[in-house]
Novice: 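Structure below; questions to follow.
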Amino acid sequence: MTQPANNAEPSSAVPETATVTLIDGTTFCVCAPAGDIVPGGNLGLYFRDTRVLSRWELTLDGRRVQTLSVQPVESYAARFIARRTSTDGSDDNSLLLVRERLVGNGLRETITIQNLGPETTPVVLTIHAAADFAEPFGIDGKQPATHEPGPATVADGTLLLRHHGEASRGLSLTTATEAEITADRLTWQIQVPPRSTWTTEITAIPIVDDKPVEPRFQRGEPISDTATARALNSWRENSTSLAADDPRLATTLIRTRTDLGALRIDDPAHGRAFVAAGAPWFMTLFGRDSLLTSWMALPLDPDLALGTLQALAAVQGRRTDPFTEEEPGRIMHELRLGSNSTAIGGQRYYGSVDATPLFVMLLAEAWRWGADETAVRALLPAADAALKWLRDYGDRDGDGFVEYQRTSERGLPHQGWKDIDGSINNAQGEPGETPIAVVEVQGYVYAALLARAELATAFGDATTALTCREEAATLRRRFNEQYWLPDEGWYAVALDARKQPMDALTSNPGHCLWTGIVDDDHAEQLIARLGAPEMDSGFGLRTLATTMGAYNPVSYHNGSVWPHDTALCVAGLMRYAHVPGAVETAHRLADGLLDAAAAFGGRLPELFCGFPREQHSPPVPYPAGCSPQAWASGAPMLLVRAFLGLDPHIPQGRITLTPRLPAGWGTVRLDGLRLGPARLQLSAAGDTAEVHGTPADWTVDIRPRQVAP
């Protein structure tokens, strides 16, 4: 092995305190601010849930470069600017280094060295490369990374990195200029003339089944001309344009539009895209996350909902498998693309209790927003299979409530959205035993039954409509009897294995406001509890009240703030706008969330710590999480829709608006809002709204503000 000039390999032991993430569909790159991928952690270039580069370190004359800046270009591209490290400790260095990187079914990196000085300068450029072909689970901090790099060969100017156990999979590295290539590095001996530049281009192309993948870029092609750029530009042209007078909201909506565009994954089977759960570790189809995000994104791009529904229907449960927790009719929780996936139960894992009713809810909502009726009808068997799962498997004991209990020790301990161990507790902080029936899922089931009834009525199936409405009415009555805690003024977070209410005050019942299962008699007390200081952090709604035994503001689910959770609760509050305190609480929670977004540069994180605003401002970031993350990115769109009171019913040619926007928002504008065949322009401020571009036979109903008694 040839050593660098200073006889020292670049250190891989120094932890990086910040990372840069580039994403394009199922390709993503996570690297250090200098652009390096340092081995031993979770940095890497990933393709279809496999790390195809676990090391990508650059040195000049055997030393790391000094990072000057990182310039984001797009979600899939960035420039890393650095200079050669001085050997004498001086600040005078004439060599500037620019690494321009983009991803898209592989990686392309253009390296430019600029000599700013008056003399020809020799330099040795080295790229150290390796691939361990690990999968995201096991390297994202949940389990230690133990993978060794795979074998490497050099042939015809190409470095081939191969998978340990599958010779048909690998990565091909080629360069535009002649280099010395060995099994773990590419080296260039360069003479850079004065006031001149030297450039090379390196491509890293995954190999699957002994064939190189078709990259979404060409050699020498400007970034703006690549297939990746064209796809994102097309999304921007076809999705709704958003603007607002409030600078916090305006910046956040711009980020929302960009991030959701980046999180789209094309589904060639149906010719549509679905939305992935989040970067970097969840760039794949997730039942709950993809469904809820698609719902939130309806005003931005209604096609995401139909694409997500079709993708999930294609992998809906068909058989009973305790290892993957697959059951007939069950909607999948998580899809992994790695050939030997270690993600919980394998490539497909079904351990989710809420994705199945959310599927039925979204199908009816997509129809109301103008989804193609033929496509909706084609998905009705999947919706009926989902409801059958809720009846036959979700409610195994026949008590009328849907509960969960994992069937494999590898499965998630909890199967609602708060899914880690210790996330469902009573007021004393004691965990409950499964099977557990969490509160929000009963609301989802209620809404799913009404959604299927609405579709059945529209399509002439009176029997199904009647059955579903009767089941929904029974569930609503029994839910309000058994989950309501009259001495506390809130709903239990769950019923435990003994059917005893778990009495912790959580954000979960806010989802029940969103679905409409809450009785008006209980709503006012619940709204007061959700809006109290023990729940409202000042930057959004906590997942668990400060007065509860398990409260910890730095925990994942027991006191942190999740933007999507707050947004769903705000949407629920606006559904109960006729109840005293609902609108005021919704405005306050949304205002705090936008302040948090501004503190995070316009991009809401997956979650952040739940400290009181008066104690820590700006909000304290959570130590780990996805960025961008799908439902956090979609949360601002749900806030906008909730305050617009936007409720379209395109099959009936009707749009209803009940605007109640916060005063500080000023005017909010949606341009190119796609509803069925129409492209609309909508603007609203306070309690007023205008809609332009509707077909002549449509009705626009703008309702005045309802005043709570």
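The chain is numbered in sequence order, starting from 1.
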Novice: Applying side chain to side chain donor-acceptor pair (under 3.5 Å) to Arg185 and Thr59, what does each step give before you reach the verdict?
Specialist: CA-CA 11 Å; Arg185 70 190 65 188; Thr59 62; over 6 Å; no
Novice: Check step by step if side chain to side chain donor-acceptor pair (under 3.5 Å) holds for Ser196 and Trp198.
Specialist: CA-CA 7 Å; Ser196 298; Trp198 175 91; over 6 Å; no
Novice: With side chain to side chain donor-acceptor pair (under 3.5 Å) as the criterion, how do Thr203 and Thr174 come out once you've worked through the C-alpha distance, each side chain's angles and the decisive distance to 0.1 Å?
Specialist: CA-CA 6 Å; Thr203 58; Thr174 58; 2.8 Å; yes
Novice: Taking Glu221 for the side chain and Gln218 for the main chain, is one N or O donor matched with an acceptor at less than 3.5 Å?
Specialist: yes
Novice: Just to verify, which of Val98, Leu116, Thr112 counts as forming a side chain to side chain contact (heavy atoms under 4.5 Å, CB included) with Thr197?
Specialist: Thr112
Novice: Sort out for me which residue in Leu22, Thr21, Thr228 forms a side chain to side chain contact (heavy atoms under 4.5 Å, CB included) with Val103.
Specialist: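 That would be Leu22; it is the only one of Leu22, Thr21, Thr228 passing the side chain to side chain contact (heavy atoms under 4.5 Å, CB included) with Val103.
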Novice: Classify the ring geometry between Trp631 and His564 as parallel (under 30°), tilted (30 to 60°) or perpendicular (over 60°).
Specialist: parallel
Novice: Looking at Leu53, Ile207, Leu107, which hits side chain to side chain contact (heavy atoms under 4.5 Å, CB included) with Leu171?
Specialist: Leu53
Novice: Under a 3.5 Å distance rule, please check whether Thr256 uses its side chain to pair with a backbone N or O of Ser633 as donor and acceptor.
Specialist: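 At least one qualifying donor-acceptor pair exists.
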Novice: Just by modelled atom types, is the Lys211 backbone N or O under 3.5 Å from a matching donor or acceptor in the Asp209 side chain?
Specialist: no
Novice: Between Arg603 and Thr252, do the side chains contain an N or O donor and an N or O acceptor separated by less than 3.5 Å?
Specialist: no
Novice: Are Leu95 and Ile113 packed together at the side-chain level, in the sense that at least one heavy-atom pair is separated by less than 4.5 angstrom?
Specialist: yes
Novice: Please report the C-alpha distance between Arg162 and Asp210 in whole Å, then the side-chain angles of each, then the deciding distance to 0.1 Å, and finally whether the salt bridge (charged side-chain N to carboxylate O under 4.0 Å, His left out) criterion is met.
Specialist: CA-CA 10 Å; Arg162 289 291 188 177; Asp210 275 328; 3.6 Å; yes
Novice: From Thr293 OG1 over to Leu300 CG, what is the distance, rounded to the nearest 0.5 angstrom?
Specialist: 12.0 Å
Novice: Is the ring centre of Phe600 less than 6.0 Å from the ring centre of Phe608?
Specialist: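 They qualify: ring centres under 6.0 Å apart.
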Novice: Any sub-3.5 Å donor-acceptor pair from Asp267's side-chain atoms to Ala273's backbone N or O?
Specialist: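 Such a contact is absent between Asp267 side chain and Ala273 backbone.
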Novice: When rounded to the nearest 0.5 angstrom, what distance separates CG in Asp301 from CG in Leu304?
Specialist: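 Answer rounded to 0.5 Å: 4.5 Å.
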Novice: Return the minimal non-hydrogen interatomic distance between Ala82 and Thr67, and the atom names on each side.
Specialist: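 Heavy atoms of Ala82 and Thr67 come nearest at CB-CA, 4.0 Å.
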Novice: Is a side-chain donor or acceptor of Ser294 paired with a backbone partner of Thr308 at a separation under 3.5 angstrom?
Specialist: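 Not a single qualifying donor-acceptor pair exists.
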Novice: Hey, could you give me the CD1/CG distance between Ile223 and Leu102, rounded to the nearest 0.5 Å?
Specialist: 5.0 Å
Novice: Would a 4.5 Å heavy-atom cut-off, applied to side chains only, mark Trp417 and His557 as touching?
Specialist: yes
Novice: Please determine which of Arg108, Arg99, Arg101 meets the salt bridge (Lys or Arg N to Asp or Glu O under 4.0 Å) test together with Glu201.
Specialist: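 Among the candidates, only Arg108 passes.
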Novice: Quick one: does any side-chain atom of Ser290 pair with a main-chain N or O of Phe286 as donor and acceptor, under 3.5 Å?
Specialist: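 Side chain of Ser290 to backbone of Phe286, a donor-acceptor pair under 3.5 Å: yes, one is there.
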Novice: Does Thr121 reach the main-chain N or O of Glu119 with its side chain, forming a donor-acceptor pair under 3.5 Å?
Specialist: yes
Novice: Enter the distance from Ile23:CD1 to Thr26:OG1 here, rounded to the nearest 0.5 Å.
Specialist: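 Atom-to-atom, Ile23:CD1 and Thr26:OG1 are 11.0 Å apart.
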Novice: Quick one: pull up CG in Leu160 and OG in Ser172 and give me the separation to the nearest 0.5 Å.
Specialist: 5.5 Å
Novice: Shortest non-hydrogen contact from Ala204 to Leu45?
Specialist: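 Heavy-atom minimum between the residues: CB-CD2, 4.4 Å.
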Novice: Of all the heavy-atom pairs spanning Gly117 and Ser94, show the shortest one and how long it is.
Specialist: N-CB, 3.6 Å
Novice: Of all heavy-atom pairs between Ile331 and Tyr350, which one has the smallest distance, and what is that distance?
Specialist: C-CD2, 4.1 Å
Novice: Whether the side chain of Thr85 engages the backbone of Arg64 through a donor-acceptor N/O pair (distance < 3.5 Å, no angle test) should be reported.
Specialist: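 Answer holds: yes.
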Novice: Should the pair His163 and Phe133 be assigned to parallel (<30°), tilted (30 to 60°) or perpendicular (>60°) ring geometry?
Specialist: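 Rings of His163 and Phe133: tilted, as their planes differ by 30° to 60°.
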Novice: Whether the side chain of Asn115 engages the backbone of Arg195 through a donor-acceptor N/O pair (distance < 3.5 Å, no angle test) should be reported.
Specialist: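 It does not hold such a pair.
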Novice: Roughly how far apart are Tyr76 OH and Asp24 CG, rounded to 0.5 Å?
Specialist: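 Taking OH in Tyr76 and CG in Asp24, the distance rounds to 8.5 Å.
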Novice: Answer yes or no: is there a donor N or O on one side and an acceptor on the other, between the side chain of Thr120 and the main chain of Pro193, under 3.5 Å?
Specialist: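 No; zero donor-acceptor contacts below 3.5 Å.
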Novice: Determine whether the aromatic ring centres of residues Tyr556 and Tyr622 are separated by less than 6.0 angstrom.
Specialist: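 So the answer is yes for these two rings.
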